[in-house]
Structure formats: C-alpha cells, structure tokens
Amino acid sequence: MKTVYVFNGPNLNLLGTREPAVYGSATLSDVQRLCEAACARHGLMLDFRQTNHEGVLVDWLHEAGRAQAAGTALGAVLNAGAYTHTSIALHDAIKGTGLTLIELHISNVHAREAFRHHSFIAPAARAVMAGFGVIGYALAIDGLAQLAA
C-alpha cells in the first residue's frame, strides 16, 4: 500500500479560526479526515503533517521524494501557505527529489492580493489546485491516484 504525503505550511494550524470568510470554518483536523477518506477510497495510506517552519517542509519533501523513489509513496500534496510566494528552497526541494507533487490552495490565490499571484512552487509541481476550499485536498489526492493509474 503506497503512501500519499499531505504537507501543510505556516498558519494552516489556524484553520477554522483564521479568516473564515476566506478559508472557511473547517479545521485542520477536518481536513485530515477528508484526506483519510480520499486515501481510503484509493487504497492508499496517508501521512498528514503541518509545520510553520520552511526548513522542516524542505526536510519532509526530501523524505517524501526518497519514499517515492523507493516505490513506497505515490506523491505529495503541498499547501505551502505563504511560502508558495517566497520559497525558492521549496521549489528546489521538489525538483531535486523528482517528487510528484500537487500544489494546493484553499482559496483562489489569483483572485486575491497581487503578491499571492506568483508561485515559486508551481514550476516544479505536477499540477496546481486553487479555490475549491478544503475539498481541494480530496480532489488533489484523487488526482494523484489518477496520475498513477
């Protein structure tokens, strides 16, 4: 049984209380349950994590890349939060490992402030998903499963 990694970046631990008009009322625990159900539908295992630290995300991407290379991981979903718009290190970690990754955003970043319109991650990602709310996580897992089929 292969693993799907779901990595969440800074401030996503505040889901449910942070700007509910933008991000909705679901908590990160609710998101994890959505991801567990999506993985179960495809016979996959889930590794779900959140950190507010960029270097930790880099280390996790390396770990997931090694697992995919070893044949034990299907790929990853990454909601890098604000690091999407600032982190060349995350871009390099994705490219350097060859990890199959879907960049995910709960909100439609292209309908928000101009500084959110650029992603350093998108050029290294297999796909980008934005604006579906938290259900986007399940859709991204469905997408990874379809890519592997």
Side-chain angles (χ1 to χ4, degrees), residues 1-68 72-87 89-91 93-94 97 99-122 124-149:
M1 185 179 291
K2 289 193 178 186
T3 299
V4 170
Y5 291 86
V6 176
F7 299 142
N8 294 280
N11 300 311
L12 286 156
N13 56 305
L14 301 176
L15 277 179
T17 59
R18 177 186 175 215
E19 298 181 77
V22 174
Y23 299 107
S25 60
T27 66
L28 196 60
S29 293
D30 296 330
V31 173
Q32 184 170 355
R33 283 190 290 278
L34 283 171
C35 292
E36 288 168 351
C39 282
R41 283 193 304 275
H42 297 287
L44 299 166
M45 293 181 59
L46 174 67
D47 189 324
F48 188 92
R49 307 177 193 183
Q50 188 276 328
T51 184
N52 292 316
H53 304 283
E54 182 179 21
V56 172
L57 284 171
V58 170
D59 290 341
W60 290 349
L61 290 166
H62 291 180
E63 177 186 341
R66 286 190 303 270
Q68 184 175 325
T72 61
L74 192 63
V77 176
L78 173 63
N79 184 342
Y83 291 140
T84 301
H85 320 293
T86 63
S87 183
L90 293 178
H91 167 99
I94 297 160
T97 62
L99 179 63
T100 302
L101 182 130
I102 297 179
E103 175 186 335
L104 179 112
H105 303 281
I106 295 169
S107 68
N108 179 355
V109 292
H110 302 288
R112 296 182 62 197
E113 304 93 339
F115 69 85
R116 297 186 194 275
H117 297 177
H118 181 265
S119 169
F120 282 101
I121 294 168
R126 179 68 158 81
V128 177
M129 183 169 294
F132 284 98
V134 297
I135 195 69
Y137 283 86
L139 295 171
I141 291 168
D142 291 343
L144 278 174
Q146 288 299 313
L147 289 172

Spatial distance of atom CG (Leu99) from atom CZ (Phe7) [nearest 0.5 Å]:
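Output value for this atom pair is 7.5 Å.
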Measuring from His91:NE2 to Thr84:OG1, what's the distance to the nearest 0.5 Å?
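It comes to 13.0 Å.
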Could I get the full list of side-chain contact (heavy atoms from CB on, under 4.5 Å) partners for [X], not counting sequence neighbours?
X: Ala122; value: Glu103, Ser119, Val128
X: Thr3; value: Tyr5, Met45, Asp47
X: Glu54; value: Tyr83, Ser87, Ala89

Any side-chain to backbone donor/acceptor pair from Gln50 onto Gly9? Under 3.5 Å, distance only.
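At least one qualifying donor-acceptor pair exists.
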Under a 3.5 Å distance rule, please check whether His118 uses its side chain to pair with a backbone N or O of His85 as donor and acceptor.
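Checking the backbone N and O of His85 against the side chain of His118, no donor-acceptor pair under 3.5 Å is found.
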State, with a plain yes or no, whether a side-chain heavy atom of Thr100 is found less than 4.5 Å away from one of Leu74.
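No, too far: nothing below the 4.5 Å cut-off.
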Within-4.5 Å side-chain heavy-atom neighbours: Val31 and Val6
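No, side chains not in contact.
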Can you pull the side-chain hydrogen bond (donor to acceptor under 3.5 Å, both in side chains) pairs that have at least one residue in residues 127-137, sequence neighbours excluded?
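For residues 127-137, and leaving out neighbouring residues, the side-chain hydrogen bond (donor to acceptor under 3.5 Å, both in side chains) pairs sorted by first residue read Asn8-Tyr137, Asn79-Tyr137.
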Which pairs with one or both residues in [range] pass salt bridge (charged side-chain N to carboxylate O under 4.0 Å, His left out), sequence neighbours excluded?
range: residues 4-16; value: none
range: residues 138-149; value: Arg41-Asp142
range: residues 124-135; value: none

State which residue, out of Leu44, Leu101, Ile102, fulfils the side-chain contact (heavy atoms from CB on, under 4.5 Å) condition with Leu144.
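The residue from Leu44, Leu101, Ile102 that satisfies side-chain contact (heavy atoms from CB on, under 4.5 Å) with Leu144 turns out to be Ile102.
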Show me the side-chain donor-acceptor pairs of residues 58-67 shorter than 3.5 Å, one per line, residues at least two apart or across chains.
| residue | atom | partner | partner atom | Å |
| --- | --- | --- | --- | --- |
| Glu63 | OE1 | Arg49 | NH1 | 3.1 |
| Glu63 | OE1 | Arg49 | NH2 | 3.4 |
| Glu63 | OE2 | Arg49 | NH2 | 2.8 |

Enumerate the residue pairs fulfilling ring-ring contact (aromatic ring centres under 6.0 Å, His included) with a member in residues 33-56, sequence neighbours excluded, ordered by first and then second residue.
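The answer is none; no pair qualifies.
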Restricting to side-chain hydrogen bond (donor to acceptor under 3.5 Å, both in side chains), what partner residues turn up for Asn11, sequence neighbours left out?
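So Asn11 forms no side-chain hydrogen bond (donor to acceptor under 3.5 Å, both in side chains) with any residue.
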Using the side-chain hydrogen bond (donor to acceptor under 3.5 Å, both in side chains) criterion, which residues pair with Thr27? Sequence neighbours excluded.
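Once residues adjacent in sequence are excluded, the partners of Thr27 under the side-chain hydrogen bond (donor to acceptor under 3.5 Å, both in side chains) criterion are Asp30.
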